[in-house]
Every structure is written in structure tokens, then in C-alpha cells.
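Reminder, nothing fancy here: chain letters follow the sequence lines and each chain counts from 1. Note that the structure is a prediction, hence the values are computed from the model and not measured.
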There are 2 protein chains.
Amino acid sequence: MPRVTDAYRRARRDEIASAALRCLRRNGVSGTSIADVVAESGLSAGAIYSHFRNKAELASYVAGSLLAWRIDEFASVTVDAPADAMRFLLAVFEDEEVTPHVVLQFWGEATVDEELRTVMTAVVGRMRAAFEHAVRPWADRRSADGAALAARTASVMLAVCQGYIANVALLGPRPVDDYLADVAVALGSEGADGQVIPLQRDHLSGRG
Amino acid sequence: MPRVTDAYRRARRDEIASAALRCLRRNGVSGTSIADVVAESGLSAGAIYSHFRNKAELASYVAGSLLAWRIDEFASVTVDAPADAMRFLLAVFEDEEVTPHVVLQFWGEATVDEELRTVMTAVVGRMRAAFEHAVRPWADRRSADGAALAARTASVMLAVCQGYIANVALLGPRPVDDYLADVAVALGSEGADGQVIPLQRDHLSGRG
DNA sequence: ACCTGAACACCGTTCAAGT
DNA sequence: ACCTGAACACCGTTCAAGT
């Protein structure tokens with residue numbers, strides 16, 4: 001099998017996947033039929049099935065490539081505080097390519113579709129690992145056992161980001177910074193005039 | 001229209017809804033067909049459509065009644081700290097009747113189905129209001145403007161709970177207390193030997 | 001009024017036939 | 001090998017006909 005063919009196949013898959021993503025953004029996962037993807041891509045049903053085993057595999061491919069590059073670009077970053085890392089990651093939703101409601105639907109489907117679950121837990125796992133790496137210096141500054149603190153913190157950051165995504169998808173857009181500021185106010189700390197101070201358990205500061 | 005008929009209709013709707021919920025737990029929202037509900041309920045397709053306009057309305061009804069009673073029972077409670085309120089609400093997932101993965105699927109569908117979105121935002125809104133009421137005494141103790149603090153805190157608690165639900169549905173079961181303890185460690189405060197101290201911005205305590 | 005179940009339009013998927 | 005598009009089994013929904 002010559003290499004040209006591999007590159008061609010990959011390009012075709014991405015072409016179909018990007019047509020599928022356009023449909024998904026418009027009509028959601030359950031609202032998108034293969035016929036829609038056929039119309040959007042200009043190919044035939046058979047052509048799509050010669051590149052993807054079924055609709056679930058197409059969805060998995062879209063879901064997998066959706067956030068992959070953003071996480072990769074994030075993988076080697078380190079930050080001053082957890083909030084910065086979350087801000088960086090959640091900024092992905094500021095361009096219109098990826099929308100929280102599509103991500104939330106993928107999560108919902110993943111609880112029921114084995115293949116999609118594998119992809120989504122991998123994506124989420126890489127997010128967690130990236131968080132862990134990003135906050136490691138911060139954790140080392142704060143605790144004798146920086147590794148353990150970084151691991152626990154990464155878990156929570158992941159859940160906080162998932163909460164943001166679910167919250168925004170359901171209740172409508174909300175600036176990332178406002179959200180993180182509210183988290184800081186309620187559970188962390190906040191400086192004067194609303195400026196967010198890196199989340200620290202032992203930070204003491206007056207408000208107002 | 002005699003009252004008996006209303007009661008009968010309601011009972012029939014609940015009968016269908018509970019058959020539908022059994023199917024949803026087994027096979028998920030997209031994996032459940034009307035034919036499945038027909039088989040599970042022992043009624044005919046037409047019978048179901050004489051009680052629900054369509055599959056979406058059936059799903060909305062199930063979703064609406066799913067958490068309603070638990071939120072109502074929670075509506076007049078007040079707690080010592082935000083964590084207690086979240087612990088109380090999330091304890092609903094300790095019985096097997098309601099599962100996080102069904103809730104997550106409803107959220108996903110809600111981003112695409114208008115009727116389901118209306119129901120889910122109402123449910124989530126009542127959760128938020130219940131949180132706000134529950135932490136009000138705590139907020140008054142902590143701030144001169146207790147109302148504002150309670151409102152912002154309730155928003156965050158909601159998102160934290162949504163994060164827990166999404167996290168657990170995707171990555172598998174995780175005890176509520178462990179999760180809240182991790183949140184406290186990373187963003188709040190933790191006492192000696194792992195005992196969670198009510199989340200307070202200005203609480204100072206050594207660890208280990 | 002509630003219910004039955006056959007019928008309809010549409011869905012995901014397959015497959016013989018083309019290039 | 002990739003692709004076409006008709007065909008198939010199944011889906012959500014409707015509706016004439018029963019009680």
C-alpha cells in the first residue's frame with residue numbers, strides 16, 4: 001500500500017469529518033443523519049461507509065480530533081496557578097469551531113457508546129495529565145509532596161472545567177474569566193476590585 | 001372532565017414514564033426506541049402517543065420528574081457550609097434509580113431539543129435556588145452582603161455538581177465525599193487527617 | 001376517550017455493480 | 001480500491017378502526 005494512498009485516505013476522512021462537524025454544530029448528534037453528512041460532503045452514503053465503519057466511528061473520529069490539537073499544544077505548558085491553566089484550556093470555546101453543546105452531547109453519547117467512551121476518556125485523560133504537568137511547579141511551591149497535590153488538583157480542575165462546559169452548554173454563554181472568578185470567590189480567594197489571585201488554600205485577603 | 005380521569009391519566013403517564021426510565025437506564029436515550037418502551041410497558045405504540053406528543057415529550061417528562069422530588073425535599077433545608085448542601089444533593093446518585101449517565105445524556109439532548117432544554121434549565125434553576133437558600137445563613141456569617149455571596153456561591157456549587165456528574169458518568173463511580181474533599185484540598189481548605197472543613201476562603205489550617 | 005396495530009416516511013447500513 | 005445508489009431492516013409517528 002503506497003504512502004500516497006494513506007495520505008489520501010486521511011484527507012478524505014478529515015473531509016468527511018469536517019462536513020460531519022458542520023452538521024453536528026447545526027443539528028446535534030442525534031439530529032444529524034448520514035443523509036445530512038452525504039448532502040454536506042457531496043459524497044454518497046457508500047463512500048462514507050468505505051471510510052468509517054458506522055455512524056458511531058465517524059462521531060468518535062470527530063470527537064477525537066476535535067480537541068486533540070489544542071490539548072497537544074497545551075501539553076508542555078506550565079502556569080503560575082491552576083486558574084491560568086483552566087483559562088487557557090477553556091479559551092478553546094472562544095472560537096466557534098468547537099462548541100460546548102457538541103462536547104456535552106459527545107459525553108452523553110459516550111456513556112452509552114463503547115467506542116466513543118474510549119475516545120472521550122482518552123481525551124479527558126490527556127487533559128488531566130496536561131493539567132497535572134502544568135500545575136506541578138505551583139504544587140511544588142505549596143507542598144512538600146508536590147506530585148500528590150498536583151495529581152489531586154488536576155482531578156479537580158478537570159471536574160471544574162467539565163462543570164463549566166455543562167453549565168455553559170445548558171444555561172448559555174458565560175465568559176471563562178467570570179466563571180473562574182466566581183469559583184475563586186466561593187471556594188478560593190479574591191483580591192480587591194475583583195482581580196483574581198491564584199487559588200490558594202492559605203491565602204488571606206480582605207474583600208471590598 | 002371528571003377528576004378520576006385526570007388521576008387515571010397521570011397514573012398512566014407515570015406508568016409509561018417509569019417503563020421508559022427502565023429502558024433509558026439499560027440502553028441510554030438514543031438507544032431506546034418507542035418499540036422498547038412498548039415492550040417494557042406492555043402497551044401499544046398508539047397508547048403511548050395518546051399520552052405523550054412524541055418521544056421528546058416523553059423524555060422531558062421523565063427528566064422533569066426524575067430529580068423533582070429530591071430538589072423539593074431540599075428546597076427548605078439550610079446547611080452549615082456549601083459542601084454539606086452539595087453532599088446532600090449529590091447523595092441522590094447513591095440509590096440506583098437515578099444515574100449520572102442518564103442525567104448527562106439528558107443534558108446533551110437538552111442542548112438540541114427545545115422542550116427538554118426548558119425542562120432541564122428549570123430543574124437546574126431550582127437546584128440553584130435551593131443552593132442559594134441553603135447557604136444563605138453561611139453567607140451572612142461571612143460577608144456584609146450575604147445575598148450577593150449566596151448567589152455567586154450557588155452558581156459555583158451548581159457548576160461543581162455538574163462537574164461531578166459529568167466526571168462520574170464518564171470516568172466511573174467516585175464517592176461524593178472523596179470528590180468534595182479533593183475540591184476542598186485543591187481550592188478550599190482541609191483539616192488534619194483528611195477531615196473536610198466547611199469551605200471558607202479565609203480559613204487557615206496546616207496540613208499534615 | 002383510550003387504545004390497537006397496520007401503514008408511512010425516514011433512518012443506518014449493506015452490497016452488487018461500476019470505475 | 002474507492003465509489004454509487006438501490007435495497008433492507010428498523011425507527012418515530014399517524015390514523016382509521018375498534019371498545
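The side chain of A:Ala35 lies closest to C:dC11, out of C:dC2, D:dC2, C:dC11. Among C:dG12, D:dT13, D:dC3, the nucleotide with an atom closest to any side-chain atom of B:Lys55 is D:dT13. When the nucleotides C:dC3, D:dT14, D:dT4 are ranked by their closest atom to the side chain of A:Ser44, D:dT4 comes out on top.
Look at CZ on A:Phe52: it is 18 Å from C1' on C:dT14, rounded to the nearest Å. Spacing between atom CD1 of A:Ile16 and atom C1' of D:dC3 amounts to 11 Å, rounded to whole angstrom units. We find that CG of B:Asn54 is positioned 16 Å from C1' of C:dC10, with the value rounded to whole Å. Summarising the geometry, the separation between CG on B:Leu43 and P on C:dC2 is reported as 13 Å, rounded to the nearest angstrom. We find that CZ of A:Arg10 is positioned 16 Å from P of D:dC2, with the value rounded to whole Å. Taking atom CD1 of residue A:Ile34 and atom P of nucleotide D:dC11, one finds them 17 Å apart after rounding to whole Å. The distance from atom CD1 of A:Ile48 to atom P of C:dC15 is 18 Å, rounded to the nearest whole Å.
Along DNA chain C, the nucleotide nearest to A:Asp36 and the one nearest to A:Arg53 differ in position, and the one closer to the 5' end is contacted by A:Asp36.
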Report task. Could you give me the CA-CA distance, side-chain angles and deciding distance for A:Glu109 and A:Arg117, then say whether salt bridge (Lys or Arg N to Asp or Glu O under 4.0 Å) is met? Result -> CA-CA 8 Å; A:Glu109 276 304 300; A:Arg117 180 167 62 250; over 6 Å; no
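The side chain of B:His51 places no N or O atom within less than 4.0 Å of a non-bridging phosphate oxygen (OP1 or OP2) of C:dA1. Within the 4.0 Å cut-off from OP1 or OP2 of C:dC3, at least one side-chain nitrogen or oxygen of B:Arg12 is found. Taking 4.0 angstrom as the limit, B:Arg9 places a side-chain polar atom (N or O) nearer than this to OP1 or OP2 of C:dC2. Within the 4.0 Å cut-off from OP1 or OP2 of C:dA1, not a single side-chain nitrogen or oxygen of B:Tyr49 is found.
Among the protein residues, B:Thr32 comes within range of the sugar-phosphate backbone only, with heavy atoms under 4.0 Å from sugar or phosphate atoms but none that close to a base.
For the residue pair B:Glu15/B:Ser41, the side-chain donor-acceptor check at 3.5 Å is not satisfied.
B:Thr32 places a side-chain N or O within 3.5 Å of a backbone atom of B:Cys23 that can act as its donor or acceptor partner.
When both pairing distances are held under 3.5 Å, C:dC11 makes no Watson-Crick or G-U pair with any nucleotide shown. The partner of C:dA16 is D:dT4, judged by Watson-Crick or G-U wobble contacts that both fall below 3.5 Å.
Taking the centre and axis of the six-membered ring of A:Tyr61, the NZ or CZ atom of A:Arg13 falls inside the cone set by 45° and 6.0 Å.
Taking the six-membered ring where tryptophan is involved, the planes of A:Phe88 and A:Phe74 are essentially parallel, since the angle between them stays under 30° and well short of 60°.
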